[in-house]
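Heads up, the thing below is written out as structure tokens.
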Amino acid sequence: MSADQYFTHRDVRLRYRDEGAGAPVVFLHGWTLDLESWEPQANALAASFRVVRLDRRGFGLSSGNPSIGDDVGDLAALFDHLQIDRVTMAGASQGARVALSFAIAHASRLAALVLDGAPDPTLPSLGGGVARELPMARYRELARTVGIEAFRREWLEHPFMQLHTQDAAAHELLRRIVARYPGRDLRDGSTERDELLSAEVLRNMRTPTLVINGALDTERRKQVGDMLASRLPNAERKLVANGGHLANLDQPAAYNDIIRQFLVRQARIAA
């Protein structure tokens with residue numbers, strides 16, 4: 001396992017890991033998670049690729065307050081810090097929304113894109129979109145009045161957090177990660193709304209993109225995946241059999257094979 005490293009951007013201290021060698025692949029975690037959620041991917045892919053993982057600001061061991069807009073700047077600063085010109089970026093759930101935002105702001109720095117379990121980028125994240133999937137008002141009230149541990153217990157029961165694997169180590173890893181979630185965005189009442197992306201913006205994206213969902217993900221998230229794959233002009237679509245919203249933990253071998261095959265195809269095309 002790679003050692004934790006830190007760098008500072010705009011007074012925020014950000015944890016990252018940088019392991020392996022080869023074409024760089026950056027993994028972005030979803031809400032309440034951190035870089036260790038990608039442990040099965042780092043273990044499998046670092047033999048062939050340079051795998052970079054980041055605790056997004058406000059999550060895991062990174063300081064600061066969560067902000068998708070600031071995530072984009074943090075990533076650009078991290079790539080400068082690591083002297084990386086172009087990357088493949090893989091984002092899961094909220095991390096996929098960050099990856100899409102980065103792709104629009106810094107298209108020239110992306111070799112390819114992986115969107116896993118993405119929320120609908122054409123709807124307000126805290127309005128008509130994610131609010132229909134997550135009871136954010138209840139979660140904020142629970143964190144403020146009862147405590148963050150009460151939120152963590154309830155959150156682990158949400159369909160997004162259900163693992164279908166019988167692997168006890170995967171379940172324990174998920175519990176440890178959620179136990180580190182600081183809950184700053186719940187306790188400060190943050191209501192940041194992402195910039196909405198129009199269908200035209202998606203159609204104009206030329207970055208080669210892999211759109212993934214677990215086959216057991218929620219119907220809404222699979223529908224969003226279908227929509228993204230149909231609107232992005234250079235996209236391919238994959239489902240991970242027997243995987244839920246956290247397909248990378250549910251079915252790591254199948255998930256890693258899909259990612260690896262996509263990366264190898266893109267490398268051949270670039271060559």
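FYI, side chains are in, hydrogens and waters are out, and symmetry mates aren't considered; it's all heavy atoms of this structure. Computed from a predicted structure; not experimentally measured.
Using a 4.5 Å cut-off on side-chain heavy atoms (C-beta onward), Leu14 and Asp55 make no contact. Side-chain contact between Ile258 and Leu210 is present, with heavy atoms from C-beta onward closer than 4.5 Å. Side-chain contact between Met161 and Thr32 is present, with at least one heavy-atom pair separated by less than 4.5 Å. Counting heavy atoms from C-beta on, the side chains of Phe27 and Val52 never come closer than 4.5 Å. Looking at heavy atoms from C-beta onward, Asp4 lies in side-chain contact with Tyr6 at the 4.5 angstrom threshold. The shortest distance between side-chain heavy atoms of Val240 and Ile212 falls below 4.5 Å.
Under the 30°/60° scheme for interplanar angles, the aromatic rings of Trp155 and His158 are found to be tilted. Taking the six-membered ring for Trp and thresholds of 30 and 60 degrees, Phe7 and His9 have nearly parallel ring planes, at less than 30 degrees apart. His81 and Tyr16 have perpendicular rings, their planes meeting at more than 60° on a 0 to 90° scale where under 30° would count as parallel.
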### Task
Decide yes or no on side chain to side chain donor-acceptor pair (under 3.5 Å) for Asp18 and Gln5, but give the supporting numbers first.
CA-CA 8 Å; Asp18 180 6; Gln5 300 183 66; 5.1 Å; no
### Task
Kindly indicate, with the supporting measurements, whether the criterion side chain to side chain donor-acceptor pair (under 3.5 Å) is fulfilled by Asp34 and Tyr181.
CA-CA 8 Å; Asp34 61 35; Tyr181 167 60; over 6 Å; no
### Task
Tell me, with the steps shown, if His245 and Ser93 meet side chain to side chain donor-acceptor pair (under 3.5 Å).
CA-CA 8 Å; His245 189 63; Ser93 199; 2.9 Å; yes
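A salt bridge links Glu19 with Arg53: at least one charged nitrogen is closer than 4.0 Å to a carboxylate oxygen. For Glu36 and Arg15, the salt-bridge test passes: some basic side-chain N is under 4.0 Å from an acidic carboxylate O. With respect to the salt-bridge test (charged N to carboxylate O, under 4.0 angstrom), the residues Arg152 and Glu157 do not qualify. In this structure, Asp85 does not pair ionically with Arg109, as no charged nitrogen and carboxylate oxygen lie closer than 4.0 Å. With respect to the salt-bridge test (charged N to carboxylate O, under 4.0 angstrom), the residues Asp70 and Arg57 qualify. Salt bridge annotation for Arg138-Glu141: absent, with no cationic side-chain nitrogen under 4.0 angstrom from a carboxylate oxygen.
The neighbour count for Gln166 CD, taken as heavy atoms of other residues, nucleotides or ligands under 6.0 Å away, does not exceed 12. Enclosure of atom CZ in Arg10 is not indicated, since only 12 or fewer non-hydrogen atoms of other residues, nucleotides or ligands lie within 6.0 angstrom.
One side chain, Arg56 or Gln94, offers a donor N or O that lies under 3.5 Å from an acceptor on the other.
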